[in-house]
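What follows is a set of notes on a single structure, which appears directly below.
Chain letters run A, B, ... following the sequence lines, proteins first, then strands; residues in each count from 1. In this text the structure is predicted, and so the values were computed from the model without any measurement.
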2 protein chains.
Amino acid sequence: MAKNNGAKNLDTSTEEKIIQAASKVFTQKGYVATRTRDIAEEAGINLALLNYYFRSKEKLFQLIMVEKLQLLFSVILPIVNNDDLSLEEKVETLVENYINLLIDNPDLPLFVLGEIKANPAGFKDRLQVRKVLQNSSFVRQLRNRRPDVEPVHFIVSLLGMTVFPFIAKQILFADDNTFKMQMEERKALITKWARTILET
Amino acid sequence: MAKNNGAKNLDTSTEEKIIQAASKVFTQKGYVATRTRDIAEEAGINLALLNYYFRSKEKLFQLIMVEKLQLLFSVILPIVNNDDLSLEEKVETLVENYINLLIDNPDLPLFVLGEIKANPAGFKDRLQVRKVLQNSSFVRQLRNRRPDVEPVHFIVSLLGMTVFPFIAKQILFADDNTFKMQMEERKALITKWARTILET
DNA sequence: AAATATTTTAATCAAATGATTAAAAAATAT
DNA sequence: ATATTTTTTAATCATTTGATTAAAATATTT
């Protein structure tokens with residue numbers, strides 16, 4: 001066998017190089033707009049090698065998509081389900097962690113939302129964000145605090161204030177540096193505003 | 001000549017049928033994912049006819065894109081530049097009109113933002129949303145009211161709360177009817193929240 | 001009605017693209 | 001060292017897709 005190695009050097013193995021390249025190109029251009037040749041070139045390998053390792057564009061895409069969805073949920077789920085955090089603590093942690101994640105992965109929201117819209121059937125069953133949220137400690141606390149407001153409205157506002165700048169970055173912000181700076185200062189603003197909204 | 005007619009019946013002319021179909025398919029699937037055959041089929045005409053009328057997929061797309069951008073801006077610009085409206089009145093009108101527009105064109109935000117991201121160079125010059133906003137009555141009022149907060153933060157929050165539900169509809173909302181209903185009740189909520197934020 | 005111009009279509013082209021194949025190169029085992 | 005297995009490549013295929021062409025159909029003008 002010509003196994004690349006045992007455990008070390010995995011981050012530079014061909015397979016890993018392809019995954020890294022696919023992650024980059026897919027999230028940047030979306031499924032239909034990326035050509036397998038783009039990924040191969042980005043990975044510095046032959047096109048046939050991509051199919052040797054992953055059988056097809058579709059298979060490779062599924063892999064990346066699952067990875068990205070887990071990345072998004074790994075930040076949300078532990079927080080909204082943590083019974084030890086108060087409503088205000090949840091909001092603060094959520095905003096802080098989510099903006100940090102998005103600063104490192106600015107393409108993530110538009111990519112994920114775009115692909116879900118492009119193929120709703122493929123995610124209808126797998127993704128039950130609504131159900132998970134419905135039964136969360138977060139929603140329970142929201143209902144308790146403000147029985148007069150549907151929790152979804154508050155959640156959408158919080159997510160909107162947090163995620164939307166990364167979706168509309170191209171249009172609303174100048175250079176990348178001021179954007180990052182403003183996203184940092186935005187953490188405190190959103191937290192404060194969300195608290196205010198909870199009281200009003 | 002075989003001109004279809006003089007002035008009547010234009011809404012069913014071949015040219016108009018193609019534009020309607022292109023509008024629908026492009027906004028639903030985006031530029032790369034739509035095939036000219038899809039548009040032709042949707043319009044109920046031959047594929048060659050599409051190229052006879054519009055020369056190319058790209059040309060037809062440009063037409064639709066300009067139309068959609070004008071649609072988006074035709075709602076924002078008159079309001080943010082209206083010196084006769086108070087800050088609170090601007091917010092209320094903006095939210096009301098924008099949600100109405102988005103209820104009728106739910107695919108618009110993801111489409112426009114996706115295409116701009118896919119081809120930033122093509123819009124960098126044409127779209128100067130930042131500059132227009134910068135000099136608007138709206139931003140002046142915001143600076144005046146809250147000199148301690150960068151206006152962009154407020155604008156992003158307002159737009160985020162308004163637009164984001166239409167972008168994440170697929171994930172966060174159940175059926176289309178309850179969604180529309182909740183968007184209607186959301187108008188008052190956002191307006192109230194925005195006012196609160198301005199005071200805090 | 002005949003001639004002319006416009007609109008529409010069927011057939012086809014050329015380029016792009018996901019995928020395969022057969023052979024070469026490299027690694028591992030014997 | 002030789003044989004065997006795994007990895008990589010160049011060449012090629014088949015399908016999709018935007019676009020064109022030549023002819024047919026329809027409308028307009030004379």
Provide, to the nearest angstrom, the distance between the [atom1] atom belonging to [X] and the [atom2] atom belonging to [N].
| X | N | atom1 | atom2 | answer |
| --- | --- | --- | --- | --- |
| Lys57(B) | dA19(D) | NZ | P | 8 Å |
| Leu50(A) | dA19(C) | CG | P | 9 Å |
| Leu49(A) | dG18(C) | CG | P | 16 Å |
| Glu41(B) | dT16(D) | CD | P | 15 Å |

note = Per the under-4.0 Å heavy-atom filter, residues of residues 27-36 of chain A near DNA chain C come out as Thr34(A), Arg35(A), Thr36(A)
ask   = Can you list the steps and then say if Glu88(A) with Arg195(A) is a salt bridge (Lys or Arg N to Asp or Glu O under 4.0 Å)?
value = CA-CA 7 Å; Glu88(A) 277 77 8; Arg195(A) 276 191 187 145; 5.3 Å; no
task = Output, in order, the C-alpha distance, side-chain angles, deciding distance and verdict of side chain to side chain contact (heavy atoms under 4.5 Å, CB included) for Asp83(A) and Arg140(A).
result = CA-CA 10 Å; Asp83(A) 286 318; Arg140(A) 228 174 305 127; 4.0 Å; yes
message = Before we go on, tell me: are the rings of Phe61(A) and Phe26(A) under 6.0 Å apart, centre to centre?
response = yes
Sugar-phosphate, base or nothing in reach of Tyr53(A), heavy atoms under 4.0 Å = sugar-phosphate
note = Per-nucleotide protein contact along nucleotides 20-25 of chain C, 5' to 3', at a 4.0 Å heavy-atom cut-off (B base, S sugar-phosphate only, - neither), is BB----
message = Tell me whether the side-chain N/O atoms of Thr14(B) come closer than 4.0 Å to OP1 or OP2 in dT8(C).
response = yes
task = On DNA chain D, check which nucleotide each of Ile45(A) and Arg37(A) is closest to and give me the residue with the more 5' one.
result = Ile45(A)
query = Would you call Asn81(A) and Asn135(A) a side-chain contact if the rule is heavy atoms closer than 4.5 Å?
reply = no
query = Does any nucleotide pair with dA1(D) by Watson-Crick or G-U wobble geometry, both distances under 3.5 Å, and what is it?
reply = dT30(C)
For residues 160-175 of chain A, tabulate all N or O donor-acceptor pairs below 3.5 Å that involve a side-chain atom, not counting sequence neighbours.
{"from": "Thr162(A)", "atom 1": "OG1", "to": "Leu158(A)", "atom 2": "O", "distance (Å)": "2.7"}
{"from": "Asp175(A)", "atom 1": "OD1", "to": "Thr178(A)", "atom 2": "OG1", "distance (Å)": "2.7"}
{"from": "Asp175(A)", "atom 1": "OD2", "to": "Thr178(A)", "atom 2": "N", "distance (Å)": "3.3"}

